[in-house]
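First comes the structure, then the notes that go with it.
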Protein chains: 2
Amino acid sequence: MSLTIGQVAQQAGIGIETVRFYERQGLIPEPPRTESGYRQYPERIVDPLRFIKRAQQLGFTLKEVAELLHLRVVPGMRCSDVKVRAQAKITEIEAKIKDLQRMQVALKKLAQACTGRGPTAECPILEALQLGQERTC
Amino acid sequence: MSLTIGQVAQQAGIGIETVRFYERQGLIPEPPRTESGYRQYPERIVDPLRFIKRAQQLGFTLKEVAELLHLRVVPGMRCSDVKVRAQAKITEIEAKIKDLQRMQVALKKLAQACTGRGPTAECPILEALQLGQERTC
DNA sequence: CTTGACACCGTAGTATGGTACAGGGTGCAT
DNA sequence: ATGCACCCTGTACCATACTACGGTGTCAAG
């Protein structure tokens with residue numbers, strides 16, 4: 001049994017217009033239609049839709065998401081190409097993780113240094129973040 | 001010695017207009033001015049500017065960055081408040097790291113499964129990513 | 001003392017990522 | 001057979017985050 005666009009939107013937690021927007025942008029394939037023109041989605045369509053949302057929250061643009069999603073679609077593309085691209089993304093993700101970890105370490109250190117007493121001015125929670133390297137606190 | 005807006009922009013790797021934009025948005029404080037109205041920046045201004053850039057690449061909006069940057073500025077705010085907010089951000093960052101790690105694991109697994117031979121259609125590199133959980137490959 | 005690079009301000013335009021109609025057709029339940 | 005919820009297309013509008021422009025003032029080197 002296939003899903004209507006409304007069911008898809010609801011399950012993915014996005015709006016109907018957004019689903020159509022992603023289709024126009026080439027992020028998801030055009031689904032088959034009924035005689036009357038209604039889109040008929042397979043259930044698995046919700047996976048890429050959820051993925052798009054997650055990836056955006058991690059700082060990837062729709063264009064970047066599309067790049068990923070296109071790797072397996074384009075015919076005639078060699079698997080080795082895909083591998084190269086995957087590797088590039090892995091490196092990029094590595095860098096993001098490291099940045100986030102640095103932010104986290106800085107926040108943790110300074111939250112600890114924070115006694116819970118005194119005004120904020122005495123708690124330079126962001127001095128460390130501003131550098132990307134921790135300063136002494 | 002203080003910096004002009006042009007020097008700041010160059011050192012931070014952004015445009016002059018962007019520096020002024022961030023000032024209007026309250027992301028960086030209004031600097032002192034010369035008699036003639038020129039902005040005079042301390043050297044450390046480049047740190048928050050670089051931080052803004054990095055944080056954006058990690059999926060934080062300018063509003064969220066501003067929230068972080070404001071924690072230490074507002075007078076009369078208690079350190080415990082700051083601590084609570086810091087904790088919330090730590091949790092948020094934790095979730096982002098986990099998502100990225102999941103993406104990375106999936107990409108690595110599938111890059112390995114990719115022999116480097118055969119067309120992309122045989123290499124479902126994104127089946128796993130689309131779920132957020134790995135499928136058998 | 002002028003000329004060229006840079007600064008000022010305000011306003012407007014652009015790109016991205018949606019979101020909201022308007023004006024119409026569909027499908028099914030009563 | 002007629003609502004009513006849902007779908008269709010197309011266009012227009014919105015928020016975010018810049019980016020460019022016009023008109024003017026400043027400063028320092030020649």
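Per chain, numbering begins at 1; letters A, B, ... match sequence-line order.
Distance CD (A:Gln40) to P (C:dG27): 10 Å, rounded to an integer number of Å. Atom CG in A:Leu49 sits roughly 14 Å away from atom C1' in C:dG18 (whole-Å rounding).
With a 4.5 Å cut-off on side-chain heavy atoms, A:Leu58 and B:Met103 count as touching.
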Can you list, pair by pair, the side-chain donor-acceptor contacts under 3.5 Å of residues 6-16 of chain A, counting residues two or more places apart and other chains?
residue	atom	partner	partner atom	Å
A:Gln7	OE1	A:Thr4	N	2.9
A:Gln7	OE1	A:Thr4	OG1	3.4

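Using a 4.0 Å cut-off between a side-chain N of Lys or Arg and a carboxylate O of Asp or Glu, B:Glu23 and B:Arg39 qualify as a salt bridge. Using a 4.0 Å cut-off between a side-chain N of Lys or Arg and a carboxylate O of Asp or Glu, B:Arg44 and B:Asp47 do not qualify as a salt bridge. Residues B:Arg102 and B:Asp99 are paired through a salt bridge, judged by an N-O separation under 4.0 Å between the basic side chain and the carboxylate.
Shown here are the side chain to side chain donor-acceptor pair (under 3.5 Å) partners of A:Thr34, two or more places apart in sequence or in another chain: A:Ser36.
Of all the heavy atoms in B:Leu27 and B:Ile52, the pair that sits closest is CB-CD1, 4.1 Å. Between B:Phe51 and B:Val65, the shortest heavy-atom distance links the atoms CE2-CG1, 4.2 Å.
The salt bridge (Lys or Arg N to Asp or Glu O under 4.0 Å) pairs that include a residue from residues 1-18 of chain A are A:Glu17-A:Arg20, where partners are two or more places apart or lie in different chains.
Both A:Phe60 and A:Leu62 sit in one connected hydrophobic cluster of ILVMFWY residues. Membership requires side-chain heavy atoms under 4.5 Å apart, directly or through other members.
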Exercise. What string of B, S and - do you get for nucleotides 4-10 of chain C 5' to 3' if you count protein non-hydrogen atoms under 4.0 Å?
Worked result: --BSSS-
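Taking every nucleotide of DNA chain D with any atom under 4.0 Å from a non-hydrogen atom of chain B, the first and last of them, 5' to 3', are D:dA17 to D:dC27.
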Using a cut-off of under 3.5 Å, enumerate the N/O to N/O pairs linking the protein to nucleotides 13-17 of chain C.
residue	atom	partner	partner atom	Å
C:dG17	OP1	A:Leu62	N	3.0

